[in-house]
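One structure is given here, and the rest of the page talks about it.
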Amino acid sequence: MTEAGCLFCKISSGEINADVIFEADDVIAFRDINPQAPTHVLIIPRRHISTINDLVESDADIVGQLYLAARDIAGKEEIADAGYRAVMNCNAGAGQTVFHVHLHLLGGRNFTWPPG
Ligand code: AMP
Ligand code: ZN
C-alpha cells in the first residue's frame with residue numbers, strides 16, 4: 001500500500017506537508033514544490049505504484065481517476081480553455097525523480113513541442 005521512504009506516500013498519508021488542493025479516496029493532488037509553470041500540480045494515486053511500467057490491468061481505473069482529477073483541477077485553475085499539459089515521466093531517461101507515479105498538470109503559459 002505504502003512504500004517505506006517514499007516521499008509521495010508520506011505526502012499522501014499526511015506525514016509530510018504539501019500544498020494539497022484535491023483529495024479523494026484513492027487520489028490526492030498538491031502543488032509542485034518547484035513549479036515549471038504558473039499552475040503546476042502533481043496528481044497521484046494514494047497507493048504506491050513506482051512507475052508506469054509497474055501498472056497492471058486492474059490499475060486502469062486509478063489511471064483514469066488521475067486524468068479525471070486533472071480535468072477538474074484544470075477547470076478550477078481556469079487553464080482548461082487555454083490548454084495545459086498532463087504528463088507522466090517514466091524512469092530516469094524521461095526525467096522521473098520520484099518513483100511513485102504522478103501526473104504533472106502544467107498550465108498558465110504556452111508550451112512548445114517537442115518537449116525538452
Ligand atoms: P518527476 O521529475 O517527474 O519525478 O517529478 C517529481 C516532481 O516532484 C518534481 O517536479 C519536483 O519538483 C516535485 N517535488 C519533489 N519534492 C516535492 C515536495 N516535497 N512537494 C511537492 N513537490 C515535490
Ligand atoms: Zn509511494
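Atoms within a ligand are numbered from 1 in the order they appear, just like the ligands themselves.
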### Summary
Among non-hydrogen protein atoms, atom 4 (O) of ligand 1 lies closest to Thr97 N, 2.6 Å
### Summary
shortest atom 1 (P) of ligand 1-to-protein heavy-atom contact is with His102 NE2, 3.1 Å
### Message
Would you call the rings of His100 and His48 parallel, tilted or perpendicular, taking 30° and 60° as the class edges?
### Response
perpendicular
### Query
At the 4.0 Å heavy-atom cut-off, does Arg31 count as touching ligand 1?
yes
## Note on the structure
shortest atom 12 (O) of ligand 1-to-protein heavy-atom contact is with Asp32 OD1, 2.5 Å
### Interfacing atoms of ligand 1 (cut-off 4.0 Å, heavy-atom, Phe8)
8 (O)
### Query
Between the candidates His40, His104, His100, which shows the shortest non-hydrogen contact distance to atom 3 (O) of ligand 1?
His104
### Message
Grouping I, L, V, M, F, W and Y whenever their side-chain heavy atoms are under 4.5 Å apart, do Ile43 and Ile79 come out in a common cluster?
### Response
yes
### Message
With clusters defined by side-chain heavy atoms of hydrophobic residues (ILVMFWY) lying less than 4.5 Å apart, directly or transitively, does Ile11 cluster with Leu105?
### Response
no
## Note on the structure
Which atom of His48 is nearest the Zn ion (ligand 2), counting N, O or S only? It is ND1
### Message
Can you report which non-hydrogen protein atom sits closest to atom 2 (O) of ligand 1, along with the distance?
### Response
Gly95 O, 2.7 Å
### Message
Would you say Val41 ends up clustered with Tyr84 if hydrophobic residues are merged whenever their side chains have heavy atoms under 4.5 Å apart, either directly or through other cluster members?
### Response
yes
### same_hphob_cluster(Ile21, Leu7) at 4.5 Å side-chain heavy-atom cutoff
no
### Ile16, Asn34, Val101, Ile33: member with heavy atom nearest to atom 21 (C) of ligand 1
Ile33
### Taking atom 16 (N) of ligand 1 as the reference point, the nearest protein heavy atom with its distance
Leu7 CD2, 3.3 Å
### Summary
Vertex the Zn ion (ligand 2), ends Cys9/SG and Cys6/SG: angle to nearest 10° comes to 120°
### Query
Is the closest heavy atom of Phe99 to ligand 1 under 4.0 Å?
no
### Task
Output the atom name for the N/O/S atom of His100 with the smallest distance to the Zn ion (ligand 2).
ND1
